[in-house]
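Right, I'll just put the structure down here and ask away after.
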Amino acid sequence: MPTITAKPGIKHTLVVLLEDEPGALNRVVSMFRRRSFNIESLSVGHTEEANLSRMTLTVAGEDNEVEQMVKHLYKVLEVVKVTDVTAEQSIIREMALIKVTADKPESRAEIMQFAEIFKARVLDVAPDSITLESTGPEDEVDRLFSLLRRYGIKESVRTGSVAMLRGSSVAGAI
């Protein structure tokens, strides 16, 4: 079987509905690893339906490469439905927690202004740092990170993307 090499820059967001069974996540991730396909973002959680999980994957590759990966996903026993929401009208968000150095009054004020502009929530204020929660499209979260870097980011974590189709359509509906 040929190895699929992802091309950087063309991002696809896949929504995978799978049975909530031990080892299911590992089998999906291992399938990508075996084919040398990089997962840029991965988020998994329970759904509104008992015994089903919803996985959102962000991968980079040409359309035909991602189409092959979708076909391979269906070979994983626990996978119920795969939807590529990249070209669909969808809502794609991620969340980040960012702890920023804020040991000067002027930097505190600027960081708080950035938080307000980006609609980030202030979660914690310490004598030498401020922790923010930012939720939004990946590029918006990236822009906030780039503005905060000059103050010194002490610690950060990002969830990875989650996606849902707009309107009454349901990604991964069975």
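Below, all heavy atoms of this structure are taken into account, side chains as well, without hydrogens, waters or symmetry copies.
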Q. How many angstroms lie between atom CD of E49 and atom CG of D20, to the nearest 0.5 angstrom?
A.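 Here the interatomic distance stands at 12.0 Å.
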- Would you kindly confirm whether I117 and L147 end up in one hydrophobic cluster when ILVMFWY residues are joined by side chain heavy atoms under 4.5 Å apart?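 I117 and L147: one cluster.
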| message | Is it true that, when you exclude E106 itself, more than 12 heavy atoms of the residues, nucleotides or ligands shown sit nearer than 6.0 Å to its CD? | response |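 Yes.
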### Message
Quick one, V141 and F118 - any side-chain contact, counting heavy atoms below 4.5 Å?
### Response
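Not touching, per the 4.5 Å side-chain cut-off.
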Subject >> More than 12 heavy atoms from other groups under 6.0 Å of CE on M164 >> reply: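 No - once you tally the heavy atoms of other residues, nucleotides and ligands closer than 6.0 Å, there are 12 at most.
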Would you please test R108 and I130 for side-chain contact (heavy atoms from CB on, under 4.5 Å) and show each step? CA-CA 8 Å; R108 280 185 179 285; I130 295 175; 3.6 Å; yes
Donor-acceptor contact below 3.5 Å, side chain R54 vs main chain E48 =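 Side chain of R54 to backbone of E48: no pair is present.
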What about V70 and V16, same hydrophobic cluster or not, with Ile/Leu/Val/Met/Phe/Trp/Tyr joined at side-chain heavy-atom distances under 4.5 Å?
->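 V70 clusters together with V16.
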query: Above 12 or not: heavy atoms from other molecules or residues under 6.0 Å from CG of D139?
result: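 Correct, the count exceeds 12.
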Looking only at atom types and distance, does a side-chain atom of S41 sit under 3.5 Å from a main-chain N or O of S161, one as donor and one as acceptor?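 Between the backbone of S161 and the side chain of S41 there is a qualifying donor-acceptor contact (under 3.5 Å).
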Less than 4.5 Å apart, any side-chain heavy atom of L18 and any of V76?
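Result no, sub-4.5 Å side-chain heavy-atom pair not found.
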key: Flag side-chain contact, heavy atom, 4.5 Å: T56 against L14   =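 In short, these two side chains do not touch, never coming nearer than 4.5 Å.
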Exercise. Hey, quick one: are V44 and Y74 part of the same hydrophobic cluster, counting side-chain heavy atoms closer than 4.5 Å, chains of contacts allowed?
Worked result: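 Yes, because V44 and Y74 connect within a single hydrophobic cluster, where side-chain heavy atoms sit under 4.5 Å apart.
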Worksheet entry | Single-linkage hydrophobic cluster, 4.5 Å side-chain cutoff, M112 and Y151 together |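 Yes, same cluster.
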Is there a side-chain contact (heavy atoms from CB on, under 4.5 Å) between E140 and R143 once you walk through the steps? CA-CA 5 Å; E140 190 176 300; R143 284 197 312 274; 3.9 Å; yes
- Stepwise, does the side-chain contact (heavy atoms from CB on, under 4.5 Å) test hold for E88 with R166? CA-CA 8 Å; E88 304 291 329; R166 290 187 177 275; over 6 Å; no
Rounded distance [0.5 Å steps], CD1 in I10 versus CG in D63 |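 The CG atom of D63 is 7.0 Å from CD1 of I10, to the nearest 0.5 Å.
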Spacing of CG belonging to L144 relative to CZ belonging to R149, to within rounding of 0.5 Å:
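Here the interatomic distance stands at 10.0 Å.
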Original post:
Taking side chain as C-beta onward, heavy atoms only, is F32 less than 4.5 Å from L57?
Top reply: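 With C-beta onward as the side chain, the pair touches.
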How far does CZ of R121 sit from CG of L97, to the nearest 0.5 angstrom?
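Those atoms lie 10.0 Å apart.
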Side chains of M55 and L25 in contact at under 4.5 Å (non-hydrogen atoms):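 They are in contact (side-chain heavy atoms under 4.5 Å apart), so the answer is yes.
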- Message: Are L77 and M31 connected into the same hydrophobic cluster when the rule is that any two of I, L, V, M, F, W, Y join if their side-chain heavy atoms are below 4.5 Å apart?
- Response: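 Shared cluster, no.
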Does the side chain of R27 reach to within under 4.5 Å of the side chain of V79, using non-hydrogen atoms?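 No, side chains not in contact.
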Do T101 and D103 have a side chain donor and acceptor closer than 3.5 Å?
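Side-chain D/A pair, T101 to D103: absent.
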Does the side chain of F37 reach to within under 4.5 Å of the side chain of H72, using non-hydrogen atoms?
->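 F37 does not reach H72 side chain to side chain.
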Notebook entry, point to check: Would you say the side-chain atoms of H12 pair up with the backbone N or O of G61, donor to acceptor, closer than 3.5 Å?
Noted result: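 Indeed, once roles are kept as given, a pair shorter than 3.5 Å links the two residues.
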Working to the nearest 0.5 angstrom, can you tell me the gap between S53 OG and E19 CD?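 So the OG of S53 and the CD of E19 are separated by 10.0 Å.
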With a 4.5 Å cut-off on side-chain heavy atoms, are P137 and R93 touching?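 Side chain of R93 against side chain of P137, heavy atoms only: contact under 4.5 Å found.
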Practice item. List the atom of E94, the atom of G160, and the distance in Å for their closest heavy-atom pair. Key: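 That closest heavy-atom pairing would be CB-O, 3.4 Å.
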Starting at CG of L148, measure out to OG of S107 and round the result to the nearest 0.5 Å.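 Atom-to-atom, L148:CG and S107:OG are 11.0 Å apart.
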Between the side chain of T159 and the main-chain N/O of M95, is any donor-acceptor distance below 3.5 Å?
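Answer holds: yes.
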